[in-house]
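First the structure, in the form of structure tokens, and then the observations on it.
Within every chain, numbering begins at 1; the chains are lettered A, B, ... in the order of the sequence lines, protein sequences first and strands thereafter. Worth knowing before you read on, the calculation uses all heavy atoms, side chains too, and leaves out hydrogens, waters and symmetry mates.
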Amino acid sequence: MNWEVNEIRQKFLEFFESKGHLIEASAPMVVKNDPTLMFTNAGMNQFKDIFLGNRATEVKRISNSQKCLRVSGKHNDLEEVGVDTYHHTMFEMLGNWSFGDYFKVEAINWAWELLTDVYKLDQDRLYVTVFEGDKQDATEADFDAENIWSNLIDKQRIIRCDKKDNFWEMGEMGPCGPCSEIHVDLRPEKERKSIDGKTLVNKDHPLVIEIWNLVFVQFNRDSKGKLSDLPNKHVDTGMGLERLAMALQKKESNYDTDVFSPMISTLEKLSKKQFKSSNSKEDIAFRVISDHVRAVSFSIADGQLPSNTGAGYVIRRILRRAVRYGYSFLEFNQPFMHELVPVLIHQLGDHFVELKAQETLISTVIKEEEESFLRTLAKGIVKLEKALKSDTKIEGKQAFELYDTFGFPIDLTELIASEHNGSVDMVGFTKELELQKMRSRNSNIVTTDDWIENNSNIAQVFIGYDDLISKSTIIKYREIETKSKKFYQIVLDITPFYPQGGGQVGDTGFLKQGKVVVKVIDTKKENDLIIITTKDFGLNLNSSLIATVDYQRRKLAQANHTATHLLHLELRKLLGTHVQQKGSYVSADYLRFDFSHFQKVSEEQLRTIEKNVNDLIFDNLLLNENRNASKEQANEAGAMMLFGEKYGDKVRMICFGDSVELCGGTHVNQTSEIRLFKVTGESSVAAGIRRIEAISSNKALEYLNSEQKDLNIVKTMLQNTKQPIKALEEVLAKNATLGEQMLAVDKDKAKELKSLIQENIETNSTQLSFFFGSTTVPAKNVKDILFELKARNEDLVIGIASVSEDKVTISLLVSDSVVKSRSLKAGDGIKLISKAINGGGGGQPFFATAGGKNPKGIEEAFLKLKDWIS
RNA sequence: GGGGAAUUAGCUCAGUUGGCUAGAGCGUCUGACUGGCAGUCAGAAGGUCGCAGGUUCGAUUCCUGUAUUCUCCA
């Protein structure tokens with residue numbers, strides 16, 4: 001049977017559905033609410049809270065195909081992807097989970113059944129590993145797993161492995177357990193006969209690879225490193241779809257499977273080069289590009305656009321790496337990656353609907369990013385070639401400057417240098433890079449102390465949707481210290497503080513305990529835990545405290561939040577349903593809403609939207625909130641599920657009239673509380689993404705008031721006219737006329753001065769023409785006059801003192817011929833006289849100026865000059 | 001979060017011990033040549049040198065702050 005990748009995935013999910021699993025859609029690849037993780041890097045990420053016990057689950061068996069992204073880690077460095085044939089940035093992880101339900105027997109038997117019965121993999125090409133035990137942890141070998149396997153597979157094919165390979169841990173603390181891996185030997189018959197596959201397991205052989213990891217979560221590791229049995233044992237398995245496809249399609253490289261081949265053949269057409277699946281630079285480029293376009297496309301579909309910080313920067317780097325390989329080895333000088341997007345979507349769009357729905361956006365964003373990077377490259381090449389002209393050896397510092405400041409890839413610097421018979425000091429470059437990393441790390445030191453537990457058995461309750469004040473006790477707290485400041489983080493048992501999320505800022509407020517008042521400066525969410533930040537502590541852990549939310553600030557923020565929903569609704573009504581939220585920021589001061597739309601929203605459209613939103617405010621729509629809606633209910637009500645958001649089984653539905661959104665944020669009870677909505681700006685954030693900024697409530701009123709105040713002042717200044725526009729136009733026109741007249745006067749004055757000079761030029765005993773005199777013409781105009789005179793006359797020395805109030809500037813001109821023949825330099829002359837007017841000065845040989853504060857010294861200065869030229 | 005860089009004519013960019021009347025190419029406009037288009041030649045217009053301070057006789061240039069953009073690191 002010839003397995004297509006879509007069939008492989010389908011069969012996997014069907015198989016586990018038949019074993020009582022609920023099939024879930026993949027969680028977004030971009031992670032929110034977890035400061036330790038930017039991207040989903042394993043199938044279990046989204047179930048972390050269940051393993052940690054922070055979240056209970058009713059569903060005990062789940063299976064899915066999770067999109068994952070790995071760009072760093074022990075086995076996965078971005079720079080290695082594409083060099084070999086089986087590592088990827090973005091990949092699909094097939095998995096099945098048991099949460100306190102079935103354990104090793106079922107997990108192992110089903111895995112074997114699926115691989116051998118359904119997928120019909122050769123049994124004699126399979127090997128399994130089990131945990132051998134560890135002295136330090138005082139753990140035994142995983143005899144259970146070994147026994148179960150020995151009923152299925154020849155004992156010779158069961159390999160015991162150590163903690164490094166076969167013991168899974170989430171972090172230094174927390175749930176962990178032994179695992180059992182299934183490896184497959186895909187080498188040709190002949191090779192298999194000469195070397196036993198068993199000896200190649202876990203040895204990084206490209207054709208003897210791990211395809212499935214079954215993790216048995218049975219222990220908990222405490223802060224001292226001690227293991228204890230978990231009350232609920234879990235199963236967490238992961239199988240890389242791309243590798244499985246290679247095994248089932250009997251290929252020697254993941255890139256030869258139909259996961260990648262459509263993209264590679266399109267690339268062949270575009271580049272007019274052939275992919276030979278070798279280790280040549282060209283073939284690496286094929287692999288890099290076909291891999292990276294997946295990572296970038298999925299990320300954009302999940303709402304993470306390329307940018308210059310955080311997760312967005314990781315995506316930008318991946319995209320640029322692909323462009324760089326295309327540019328260097330496939331001779332692409334124009335954007336090309338975006339042309340692969342339709343191919344990718346044709347292939348995966350049926351399973352991952354978010355791709356299909358946003359095809360235009362993905363292509364547009366990629367194309368624009370490509371163009372911008374090609375510009376960066378072009379600029380870098382100019383700089384590099386300039387440097388190569390002066391010296392073919394590029395110093396480490398220079399190479400680093402190109403890389404660090406101008407974003408020019410170091411391997412391109414090397415390539416171009418070698419094309420010019422030059423070289424790059426890579427040692428120096430690496431040194432600079434290390435220095436930079438040191439700097440960043442040092443500046444970023446945040447020391448986080450351990451949590452100090454107080455009442456760790458109590459579960460946290462959030463009451464902030466209904467109450468803004470509560471009587472609470474502290475569950476735990478800790479101290480954090482950045483470079484300059486010290487903060488405390490506190491977890492309360494009952495908390496009214498809304499944590500930053502859904503675009504809305506976290507609450508601030510106070511904790512009060514007797515006479516002690518502690519200011520809460522921020523509220524954040526880590527996984528499912530709400531944490532407040534304070535600047536000082538001083539609270540008694542044993543007694544309760546009163547927690548109060550800053551009411552005014554919260555009220556303004558939720559007015560803006562509801563206004564955002566109304567804005568979203570009106571945007572879709574007016575511009576069309578292609579408008580999708582791509583990000584939002586809601587604070588007490590203003591709101592920002594980013595959405596997909598491919599052209600500027602016109603001034604007229606903005607006015608219409610603003611008016612319609614204000615109509616909804618006037619309609620006084622009441623909040624209709626359902627905190628426990630099922631997904632089906634939400635769908636029926638027409639709620640928009642945003643791409644890149646993960647929704648639980650129960651969702652919170654927020655309705656105001658026709659506006660139905662799934663949202664965790666806080667809102668007004670009725671739209672009239674918003675009072676007024678005012679759009680303050682429209683702009684673009686990226687290709688295909690527009691941003692609207694707006695204000696509401698008090699802030700909008702303040703804005704209008706201050707505008708009106710300005711207008712009133714203007715009117716007053718215009719003698720309280722009722723027609724300020726007309727009056728202002730007249731003033732401006734008059735100003736323009738006066739300006740022209742002034743210019744004319746200046747010109748006349750200049751003319752006068754010019755003729756005055758010409759008529760009064762004297763000749764001294766050495767036959768040198770000269771003139772010295774004072775004027776009220778400003779020095780800048782004098783300069784013009786002198787240069788004109790210089791162009792028309794030869795052998796001249798002219799000194800003009802421009803006097804204004806108690807300042808004086810002397811300009812001194814010396815004709816070129818005089819400079820040459822008599823070696824009189826204006827700069828020298830000016831230095832000679834600058835003291836006379838109580839100042840200093842300098843300039844070039846033919847023109848110099850001096851400024852001072854003593855107009856009385858002008859005569860003396862001129863006398864000195866006369867002396868100087870004779 | 002930290003470091004580096006850029007911001008000069010409509011566009012792309014030059015501009016070093018601080019003073020060379022701020023330049024180039026493209027574009028725009030005018031005129032001439034040509035039967036018209038294209039083109040060639042000649043000429044012209046177009047600049048708060050990002051913004052705000054400071055140092056200086058004098059700042060596009062040096063210093064400080066600030067905005068925007070780019071870029072690297074975390």
Side-chain angles (χ1 to χ4, degrees), chain A residues 35-36 38 71-72 78 306-314 316-317 320 369 371-380 382-383 386 397-410 413 429-430 432-446 480-485 681 683-686 739 750 778-791 801-804 806-814 816 819 825-855 857-858 861:
Chain A
T36 63
M38 280 195 226
V71 285
S72 59
L78 177 61
S307 75
N308 59 356
T309 49
Y313 183 55
V314 174
R316 175 168 281 173
R317 259 167 51 203
R320 290 189 165 190
E369 274 291 315
E371 277 165 356
S372 121
F373 185 52
L374 287 170
R375 273 198 297 273
T376 305
L377 286 184
K379 276 188 185 178
V382 171
K383 284 199 185 291
K386 215 177 201 176
K397 239 188 177 144
Q398 266 179 302
F400 183 73
E401 195 201 357
L402 270 168
Y403 169 77
D404 180 56
T405 305
F406 301 102
F408 198 71
I410 185 63
T413 305
F429 173 82
T430 316
E432 292 289 329
L433 186 64
E434 279 309 312
L435 277 175
Q436 144 110 322
K437 286 187 179 178
M438 281 281 283
R439 264 200 308 274
S440 277
R441 266 195 291 269
N442 289 340
S443 74
N444 219 23
I445 289 176
V446 180
I480 54 172
E481 200 171 345
T482 62
K483 207 169 163 191
S484 48
K485 290 163 201 154
S683 56
S684 158
V685 260
K780 182 139 176 45
N781 300 25
V782 168
K783 191 177 182 183
D784 290 340
I785 296 162
L786 294 187
F787 273 93
E788 277 170 37
L789 287 169
K790 173 176 166 257
S802 306
V803 186
S804 70
D806 45 351
K807 259 184 153 183
V808 56
T809 307
I810 297 180
S811 312
L812 180 64
L813 178 87
V814 180
D816 299 325
V819 176
K825 289 180 184 168
D828 296 341
I830 222 75
K831 268 174 202 154
L832 207 66
I833 61 164
S834 55
K835 270 182 194 157
I837 54 167
N838 205 1
Q844 308 109 279
F846 52 90
F847 183 80
T849 54
K853 285 172 182 174
N854 180 23
I858 295 176

Practice prompt. Treat a base pair as Watson-Crick or G-U wobble with both distances under 3.5 Å, then lay out RNA chain B in dot-bracket form, 5' to 3', with | for cross-strand pairs.
Written response: (((((((..((((.....[...)))).((((((.....)))))).....(((((..]....)))))))))))).
Worksheet item: Rounded to the Å, how far apart are A/Glu401 CD and B/rG3 C1'?
Response: 13 Å
Over all atoms of both residues, closest heavy-atom pair of [X] and [Y]:
| X | Y | answer |
| --- | --- | --- |
| A/Ser834 | A/Gly841 | CB-N, 4.1 Å |
| A/Val808 | A/Ala801 | CG2-CB, 4.1 Å |
| A/Leu433 | A/Tyr403 | CD1-CE2, 3.7 Å |

What I'd like to find out is whether the side chain of [X] reaches to under 4.5 Å of the side chain of [Y], using heavy atoms alone.
| X | Y | answer |
| --- | --- | --- |
| A/Val782 | A/Leu786 | yes |
| A/Phe408 | A/Lys383 | no |
| A/Leu377 | A/Pro409 | yes |
| A/Arg320 | A/Arg317 | no |

When the [atom1] atoms of [M] and [N] are compared, how many Å lie between them, rounded to an integer?
| N | M | atom1 | value |
| --- | --- | --- | --- |
| B/rG39 | B/rU34 | C1' | 10 Å |
| B/rG19 | B/rA32 | C1' | 41 Å |
| B/rA14 | B/rC51 | C1' | 24 Å |
| B/rC72 | B/rC63 | C1' | 26 Å |
| B/rG47 | B/rG54 | C1' | 24 Å |
| B/rA6 | B/rC13 | P | 13 Å |
| B/rG23 | B/rA45 | P | 12 Å |
| B/rC20 | B/rU40 | P | 35 Å |

Practice prompt. Just call it for A/Gly840: base, sugar-phosphate, or nothing, with non-hydrogen atoms closer than 4.0 Å on any strand.
Written response: base
Could you list the donor-acceptor pairs under 3.5 angstrom formed between side-chain atoms of residues 847-854 of chain A and any protein atom two or more places apart in sequence or on another chain?
unit_1   : atom_1 : unit_2   : atom_2 : d
A/Asn854 : OD1    : A/Lys856 : N      : 3.3
A/Asn854 : ND2    : A/Ala836 : O      : 3.3

Item to complete: Treat primed atoms plus P, OP1 and OP2 as sugar-phosphate and everything else as base, then score nucleotides 67-73 of chain B 5' to 3': B for base contact with protein heavy atoms under 4.0 Å, S for sugar-phosphate contact only, - for none.
Response: ----BBB
Worksheet item: Who passes salt bridge (Lys or Arg N to Asp or Glu O under 4.0 Å) against A/Arg316, sequence neighbours left out?
Response: A/Glu369
Discussion item. Once side-chain contact (heavy atoms from CB on, under 4.5 Å) is applied, do any residues pair with A/Lys831, and if so which ones, sequence neighbours excluded?
Written reply: none
So which protein nitrogen or oxygen atoms get under 3.5 Å of nucleotides 13-23 of chain B's nitrogens or oxygens?
unit_1 : atom_1 : unit_2   : atom_2 : d
B/rG19 : O2'    : A/Gln844 : OE1    : 2.3
B/rG19 : O2'    : A/Gln844 : NE2    : 3.0
B/rG19 : N1     : A/Gly842 : O      : 3.0
B/rG19 : N2     : A/Thr849 : OG1    : 2.8
B/rU21 : O2     : A/Asp784 : OD1    : 2.9

Worksheet, complete the sentence: From the list A/Thr413, A/Leu402, A/Ile410, side chain to side chain contact (heavy atoms under 4.5 Å, CB included) with A/Phe429 holds only for A/Ile410
